[in-house]
Undergrad: 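Structure below; questions to follow.
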There are 2 protein chains.
Amino acid sequence: MKQTRMTRQKKIILEVLRSTRSHPTADWIYMEARKQIPNLSLGTVYRNLNQLAEMGEILELNYGSSFSRFDGNPVPHYHLVCENCGRVYDLELPVMHQLETSAAAVSGAEIRGHRLEFYGICNHCKREQYQQ
Amino acid sequence: MKQTRMTRQKKIILEVLRSTRSHPTADWIYMEARKQIPNLSLGTVYRNLNQLAEMGEILELNYGSSFSRFDGNPVPHYHLVCENCGRVYDLELPVMHQLETSAAAVSGAEIRGHRLEFYGICNHCKREQYQQ
DNA sequence: TTACTTGCAAAAGCTTTGCCTTACT
DNA sequence: AGTAAGGCAAAGCTTTTGCAAGTAA
């Protein structure tokens, strides 16, 4: 595995991200970091964010999936996303509406819905791996 | 509110989506639907998917958010997304690892993690609305 | 000195949009 | 007939990538 280096850019990008609770976009991080490195490029921000996420230093929300998937079933249900093949499965878990009550209690927000997704290796891929 | 019309295109797009359990992408739906309407355009697929999702007929996964957000806190936790202002908040709800056990049980998959997000109106926006 | 990183700019990939035509109701 | 919707193609946006130069280790 390739080793990584701690550059000035990476350090500042990480500092910017750690210093806010706002879950910023790459572009916001870029603009903030440019206050310290005026000629920083957006490509560098993306490269570092991806690397940091891969190392587990930060979390990428929205899972970088660059495109939407659609589900013909509008009734709320949960999903399993296979990290190997990318397939998305419906789960036969009952929807837990009480989670929304808890979320409302701790946040004070008016909750209108929730999404629960599991990530892992699906049955199909597990079998293939065992054969390797 | 604008009224909507049931066109041949929309009907077939919906049929394609309802006839699979695979959570397809817009492009896959496009290719399938083209088997029945060869000169269908991708723009039409997107327009209809967006309209159907808005009407609650179908579900859009990944929430169409066209960009990723990053979180400097790599420790698992849950989020609240405000549907009004778009802000993302960390929730002080304990992470429920037992959900993964249940998901593994019903799916047979090897679960490596999960994501739980709540959607609604945050405290901040609730106040603003009351003032209106 | 080695090879990972950066800046820059171009390319890529998904989605939206403008415009004129078609066709539901 | 009136107007939402379609087809096509261009534009928009976020993210990735190729390449030469820079710089951690």
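Letters A, B, ... are given to chains in the order of the sequence lines, protein chains preceding strands, and every chain is numbered from 1.
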Undergrad: Closest nucleotide of DNA chain D for B/Met6 versus for B/Phe70: which of these residues is on the 5' side?
TA: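 Result of the comparison: B/Met6.
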Undergrad: Are A/Phe70 and B/Met31 connected into the same hydrophobic cluster when the rule is that any two of I, L, V, M, F, W, Y join if their side-chain heavy atoms are below 4.5 Å apart?
TA: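 Hydrophobic grouping puts B/Met31 with A/Phe70.
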Undergrad: OP1, OP2 of C/dT6 versus side-chain N and O of A/Asn39: anything below 4.0 Å?
TA: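 The answer is no; no side-chain N or O of A/Asn39 sits under 4.0 Å from OP1 or OP2.
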Undergrad: In whole Å, I'd like the distance from the CZ atom of B/Arg47 to the P atom of C/dC19.
TA: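 Rounded to whole Å, this separation is 13 Å.
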Undergrad: Students often get this wrong, so: under 4.0 angstrom with heavy atoms, is B/Leu40 touching a base, only sugar-phosphate, or nothing?
TA: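 Sugar-phosphate only.
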Undergrad: Classify the side chain of B/Arg5 and the base of D/dT3 as holding, or not holding, a donor-acceptor pair under 3.5 Å.
TA: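 Yes, a donor-acceptor pair under 3.5 Å.
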Undergrad: If you go through the side-chain atoms of A/Arg8, does one of them form a donor-acceptor pair with the base of D/dG22 closer than 3.5 Å?
TA: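 It does not, because no donor-acceptor pair links the side chain of A/Arg8 to the base of D/dG22 below 3.5 Å.
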Undergrad: For the pair made of CZ in B/Phe67 and P in C/dC14, what is the distance, rounded to whole Å?
TA: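 Nearest whole value for this atom pair: 18 Å.
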Undergrad: Would you say the side-chain atoms of B/Thr44 and B/Gln9 include a donor-acceptor pair closer than 3.5 Å?
TA: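 No - no donor-acceptor pair under 3.5 Å links their side chains.
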Undergrad: Is the shortest side-chain N/O distance from B/Lys10 to OP1 or OP2 of D/dA5 below 4.0 Å?
TA: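 Yes, B/Lys10 has a side-chain N/O under 4.0 Å of OP1/OP2 on D/dA5.
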Undergrad: Just how far, in rounded Å, is P of C/dG13 from CG of B/Asp27?
TA: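 Nearest whole value for this atom pair: 12 Å.
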Undergrad: Using atom CD1 of B/Ile37 as one end and atom P of D/dA5 as the other, report the distance to the nearest whole Å.
TA: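 From B/Ile37 CD1 to D/dA5 P: 15 Å.
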Undergrad: Taking only the side-chain heavy atoms of A/Gln51 (C-beta and beyond), determine which of D/dA25, D/dT16, C/dT5 contains the nearest atom.
TA: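 Nearest to the side chain of A/Gln51 among the choices is C/dT5.
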Undergrad: Would you say the side-chain atoms of B/Asp90 pair up with the backbone N or O of A/Arg21, donor to acceptor, closer than 3.5 Å?
TA: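 Checked: no pair found.
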Undergrad: Taking the six-membered ring for Trp, are A/His97 and A/His114 parallel (under 30°), tilted (30 to 60°) or perpendicular (over 60°)?
TA: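 Rings of A/His97 and A/His114: perpendicular, over 60°.
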Undergrad: Please determine whether a side-chain nitrogen or oxygen atom of B/Gln9 lies at a distance below 4.0 Å from atom OP1 or OP2 of D/dG7.
TA: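 Result: yes.
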Undergrad: Could you state the atom-to-atom distance from CD of B/Gln3 to P of D/dG2 in whole Å?
TA: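 For the pair B/Gln3 CD and D/dG2 P, the rounded distance is 15 Å.
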Undergrad: Heavy-atom nearest nucleotide on DNA chain C for B/Thr44 versus A/Ile13: which residue maps closer to 5'?
TA: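 By nearest-heavy-atom nucleotide position, the 5'-most residue is A/Ile13.
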Undergrad: When you measure from the side-chain N and O atoms of B/Thr7 to the phosphate of D/dG6, is any distance below 4.0 Å, counting only OP1 and OP2?
TA: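 Result: yes.
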Undergrad: Distance check needed: C/dC4 C1' versus A/Asn48 CG, whole Å only.
TA: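 Those two atoms, CG and C1', are 11 Å apart.
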Undergrad: Report the distance from atom CD of A/Glu60 to atom C1' of D/dT14, rounded to the nearest whole Å.
TA: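 Nearest whole value for this atom pair: 12 Å.
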Undergrad: Round to the nearest Å and state the distance from B/Glu54 atom CD to D/dA4 atom P.
TA: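 Distance check: B/Glu54 CD to D/dA4 P gives 15 Å.
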Undergrad: Tell me whether A/Val95 is reachable from B/Leu99 by hopping between hydrophobic residues (I, L, V, M, F, W, Y) whose side-chain heavy atoms are closer than 4.5 Å.
TA: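 Same cluster.
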